[in-house]
Amino acid sequence: MKIYLTVVLRTKEAYRDQVKKTLQEMVRLTRLEPAAELYNLHQGIEDPNVFTFYEIWKDQAGLDAHNAQPYIKDFGPKYGVFLQEEPTLIKTVMI
């Protein structure tokens, strides 16, 4: 079953460019993963400190493999202090 994921991150303004660069590199690497059917990053228009990922995964195993990647696992410990709050994660299936 495909997994649809929306992740919203709010950065502190002072770190926005640094976080954006890191997120863009995560997109590049993630798109190489075989289970990633869609992995897009968006930046807010009204609030450029808001970044949103829209993701589609082939299955839960693929998402689990993605979450085990070093560039995903290391993001929180390295960049968590640059965020305004914990990311919002919405995991869904299509009905």
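Source: prediction; values computed, not measured.
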What closest approach, in Å, do D59 and I3 show between heavy atoms, and which atom pair accounts for it? C-CG1, 3.9 Å
T52 vs V7 side-chain heavy atoms within contact, under 4.5 Å: no
E25: what forms a side chain to side chain donor-acceptor pair (under 3.5 Å) with it, not counting sequence neighbours? R28
Within 6.0 angstrom of E86 CD, more than 12 heavy atoms from elsewhere: no
What donor-acceptor contacts under 3.5 angstrom involve side-chain atoms of residues 32-40, with partners at least two apart or in another chain?
from	atom 1	to	atom 2	distance (Å)
E33	OE1	H66	ND1	3.3
E33	OE2	H66	ND1	2.8
E33	OE2	Y71	OH	2.4
E37	OE1	K2	NZ	2.9
N40	OD1	R31	NH2	2.8

Under the side chain to side chain donor-acceptor pair (under 3.5 Å) test, which residues partner K91, sequence neighbours left out? Q60
So CG of L23 and CG of L9: to nearest 0.5 Å the spacing works out to 6.0 Å
Might you point out which heavy atoms bring P87 and L83 nearest each other, and give the distance in Å? CG-CD1, 4.0 Å
Got a list of side-chain donor-acceptor pairs under 3.5 Å for residues 42-50, not counting sequence neighbours?
from	atom 1	to	atom 2	distance (Å)
Q43	OE1	K20	NZ	3.1
Q43	NE2	P48	O	2.8
D47	OD1	N49	N	2.9
D47	OD1	N49	ND2	3.4
N49	OD1	R16	NH1	2.9

CD (E55) and OH (Y4) are apart, to the nearest 0.5 Å, by 13.0 Å
Sequence neighbours excluded, the answer for side chain to side chain contact (heavy atoms under 4.5 Å, CB included) partners of I90 is T6, T88, T92
Just checking E13: does its CD atom have more than 12 heavy atoms from other residues, nucleotides or ligands closer to it than 6.0 angstrom? no
Can you measure from CG (L41) to CE (M26) and round to the nearest 0.5 angstrom? 9.0 Å
Take atom NZ in K12; do more than 12 heavy atoms of anything else shown fall under 6.0 Å from it? yes
Close side-chain approach of F82 to Q18, heavy-atom, < 4.5 Å: yes
Side-chain heavy-atom pair F51, V8 within 4.5 angstrom cut-off: no
In Å and rounded to the nearest 0.5 Å, what is the CG to CZ distance from L89 to F53? 11.5 Å
T22: side chain to side chain donor-acceptor pair (under 3.5 Å) partners, not counting sequence neighbours: Y79
